Amino acid sequence: MEYLSPKILASCRDLVWLSRHVAEGVMLGVQHSQRRGTGLEFHQYRGYQAGDSIRHIDWKLFARSDRYYVRETEQESRMHVCFVLDTSASLRQASFIEPSLNKLHYAKCWIASLCWLLNAQGDSFSLLALNNRQTVYVPEGQGESHQRQIALQLQQLTASNHWPDQSQLAPLWQYFERPCQVVLLSDFFEQDNEISHFAARLHAAGRPCLPLQLLIEAEQTFPFEGELKLLNPETNSSTPAALEVDAERQRQSYLDAFARAQAELKARFAVQECLLQSDLIEQPVEKSLSQFIQLHGRLC
Amino acid sequence: MLWINSVFQSPQWLWLFAALALPIAIHLLRRSNPQKISFAALQWVQRYSQSRARRPIVDNKWLLLLRLLIVALLAFLLAQPLIERDIYPQKAVILVDPRIEAKAANAFIHNVLPQLASADANILWLSPETHSVTSPPPQNVDLWKTLSLLSGRADLRRAHILLINNTFPTSHSALRTSPHWQWHSLKKPVTAQNPVLPSIAVMGSAPSWWTPVLEDWRNTMPGLSVHIVEQEEALNTQQADWLIYAGPAPLPQAVVDFVADGGLLITDHSIQPPDHLSFARVDKSPSVQAAPLERGSWLRYESDWHSAAFYRGANLPKDLWQQWSTQDWPLQHRNRGLWSGTSAMGFPVADSAVENRRRQPLQPWLITALLVLLTLERLIALSRSPRSRTGEVHHG
């Protein structure tokens, strides 16, 4: 199986095509015990919309009415997956190996691909992308048009500011009132464990939260050399906006501190019985998705 | 600034050392603008090196050091430094009289001096240039002048001198030699003949050093005749060759006539010469000058020869004899061919007086060092630059 290289991933802006390509790649490697398809029980007709497959047009009705109608069938939705995407400024972090690829772009592609897979098995899905300035919510839905709508919303997302505080999160809890499986994508670079608290609260409310942490390789290896001025894309009161460092001298202390923080983060999620998957955006999306699906068997 | 001229051939290029400031300035400027990188995981980077005071003064110290060395070497190279090196004759040297044919000289060396032939000695023509005997022999070489010249060369201190015969074709006691020279002659030696000695006349009250000097001369040159001449007494060149005039100025007419007739007049600074005479320095000595006066010569000391500064010195008799005899051309002419190579002759030049260190240019070494440093600098700079282009990140 040939994976999409980070360069292609970064250069391709058609998220629909990209997600289909990725998802097809993932499906080749996944043996489903039970394929879910569209239901057979008729639900309703609705007018044809751009993006609907012409296979779903009811041609007999077209002959009678001279209008395109799409036949919607009742699906037995077994699962609602809610994607929660952190769009704080730290998700703008680009790879140093492929500078045109950043964490947000990787996350978009990852979500769109998983949506494609979920759609293929008839599950419904929603999207909540949030930072303290902007919240984008696409309600639960299913079908190709819904999948395209999510892809369109994802495409328009930008990373800025930081994770919303408690007051800003309060109105969002309503989106989790119905049972759902939450998939939380973030870099989990948090100041006061605010993202972990968010996940813990969801867990307490009976909404299991599957976390995916997106990192770049440089964050794991700190491969810099010489005198550098490091700029923090996500500034707040406790972290300076910029720091001049001697990379060689700082490397070991950074790696130690980062490893400690990662261990603590994993431990927090382990308590909630939600295994944290940390992926480098330099690795293929297909691989990450396959691992994620294998790790969380309840998804697909 | 004279020492600079002796150390560098082109000291005007030393200003290039000011260019040392360029790499320093470039490194300092680069330091003031460290590369900026967006890094989200900044919270785990410790802050202790935020203080600029903790930072090194310049980045890439070794690269800067290399660049400074390159600029310094370039300045050195253009200034052309000279170093003093000891000159030790590596091989035996044989100086051959140019009147001898090269074949005959080689045959003589093989037969008479086989130890030198087997030691692969350098066989050179006895000439100021000391070319190899494989080159054509130099023409019209004044042997005594050449020998005097070569006596000061450290690399020829222990040379073997091969002459056509044991008598010198020219010269006088003014000849300078190395005491380590070994003399050989192609023809059989003939009996040494005594050189013609000058007769010396003294007019006026002789200076106090005259008596001991004369005594020294008489010890080494028995038969030296000296007589005192009255102030008004006429003197001709038959009676005396040299006239030491210690009387009052101006010069008596009899003295002027003596010089015009071919004699050598010796005075100190108290006798003022007429304006039309042009004096020249003798023997590189600042205090002795000489001028031709019709057929004769006038040797004049510019200092007071009654003063202690004049006569203090162990070599006074030898120096005076050398200065005076070199000015007496008729006497030298008479002595031509009468000096023997088998007898001690001339004044030996002491080892201490020989410059046994020679200045050598350093260019080849500097160019090699410069090339090595340039290569090293390029290697280091190029190995660092790709990282700087990609945000100082090493992917390896």
Side-chain angles (χ1 to χ4, degrees), chain A residues 88-99 102-103 159 162 187-191 214-236 238-262 282, chain B residues 21-69 376-396:
Chain A
S88 62
S90 61
L91 268 284
R92 246 187 356 234
Q93 177 67 59
S95 160
F96 286 96
I97 295 171
E98 181 51 55
N102 64 23
K103 290 179 183 177
H162 48 83
D187 54 10
F188 293 96
F189 290 174
E190 42 192 358
Q191 298 303 316
L214 298 175
L215 298 173
I216 60 167
E217 192 188 297
E219 286 162 353
Q220 282 193 335
T221 57
F222 203 74
F224 310 111
E225 286 182 359
E227 203 69 28
L228 291 174
K229 188 170 188 177
L230 298 180
L231 307 175
N232 191 356
E234 190 174 328
T235 55
N236 53 41
S238 58
T239 314
L243 202 61
E244 286 188 12
V245 296
D246 179 354
E248 282 92 346
R249 282 179 59 195
Q250 301 286 87
R251 182 174 296 129
Q252 198 51 51
S253 65
Y254 166 82
L255 292 176
D256 293 345
F258 187 74
R260 268 197 309 275
Q262 285 293 101
E282 289 88 355
Chain B
L22 283 177
I24 295 174
I26 290 168
H27 277 245
L28 284 174
L29 285 173
R30 279 176 63 97
R31 171 188 173 269
S32 62
N33 296 309
Q35 188 145 16
K36 293 178 181 173
I37 289 176
S38 177
F39 192 63
L42 193 61
Q43 54 184 303
W44 293 289
V45 180
Q46 287 189 9
R47 293 193 198 186
Y48 64 80
S49 71
Q50 194 175 14
S51 157
R52 291 180 70 86
R54 281 173 175 262
R55 293 178 56 197
I57 296 169
V58 289
D59 304 328
N60 303 324
K61 280 179 191 164
W62 288 108
L63 203 57
L64 173 62
L65 189 67
L66 272 177
R67 286 171 178 164
L68 287 175
L69 272 174
L376 212 57
E377 191 269 344
R378 278 298 84 201
L379 280 174
I380 294 176
L382 288 174
S383 67
R384 279 170 184 264
S385 57
R387 278 176 229 154
S388 63
R389 280 198 294 272
T390 59
E392 297 281 342
V393 181
H394 175 67
H395 304 300

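Here the structure is a predicted model, which means the values were calculated and not measured. So you know, we letter chains A, B, ... as the sequences are listed, proteins then strands, and number each from 1.
To the nearest 0.5 angstrom, Q46(B) atom CD is 11.0 Å from Q252(A) atom CD.
Smallest separation of non-hydrogen atoms from V45(B) and Q250(A): CG1-NE2, 3.4 Å. Nearest approach of W44(B) to A261(A), heavy atoms of both residues: NE1-CB, 3.2 Å. Summarising the geometry of A41(B) relative to E219(A), their closest heavy-atom pair is CB-CG, 4.0 Å, with the distance given to 0.1 Å. The shortest heavy-atom contact between K36(B) and L231(A) is CB-CD1, 4.0 Å.
With sequence neighbours excluded, no residue forms a side chain to side chain donor-acceptor pair (under 3.5 Å) with Q43(B). Judged as a side chain to side chain donor-acceptor pair (under 3.5 Å), and not counting sequence neighbours, S38(B) has no contacts.
Looking only at side-chain heavy atoms (C-beta outward), L228(A) and F39(B) stay at 4.5 Å or farther from each other.
Each of L91(A), N232(A), T221(A), I216(A) has some count of heavy-atom pairs under 4.5 Å with chain B, and the biggest count is that of N232(A).
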